[in-house]
Amino acid sequence: MTHPFHALVGQQLDILFVKRRSGALVFVCAYGVSRSVTLPQEWTDRGGVSGGDRLAVEGLSALRALVDALVSRGADTSGEGS
């Protein structure tokens, strides 16, 4: 389980079977005694590349610098008619 906000994050679960739900793969996994949990593929290590760094400080800082540059550029040309 790799989803950062799921109660089972970091745990390894045995996959009982795989099925499609609304066109997406989900894994039905053994959990506890005689229980199962269904997980989307993206929430597991079998999913695609994690987007976990979407809100990383470095990315947000770079975005802020870009926005500041665009705003500054717009302020420089605001007096000129386009």
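Residue pairs meeting the side-chain hydrogen bond (donor to acceptor under 3.5 Å, both in side chains) criterion with at least one member in residues 56-71, sequence neighbours excluded: R64-D68.
Every residue meeting the side chain to side chain contact (heavy atoms under 4.5 Å, CB included) condition with V71, not counting sequence neighbours, appears here in chain and number order: V67.
Between R46 and Q41, the shortest heavy-atom distance links the atoms O-NE2, 2.9 Å.
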For residues 4-29, which side-chain donor-acceptor pairs fall under 3.5 Å, sequence neighbours excluded?
residue: H6; atom: ND1; partner: L8; partner atom: N; Å: 2.9
residue: R20; atom: NH1; partner: G23; partner atom: O; Å: 3.0

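Counting side-chain heavy-atom gaps under 4.5 Å among Ile, Leu, Val, Met, Phe, Trp and Tyr, the cluster of L70 also holds L66.
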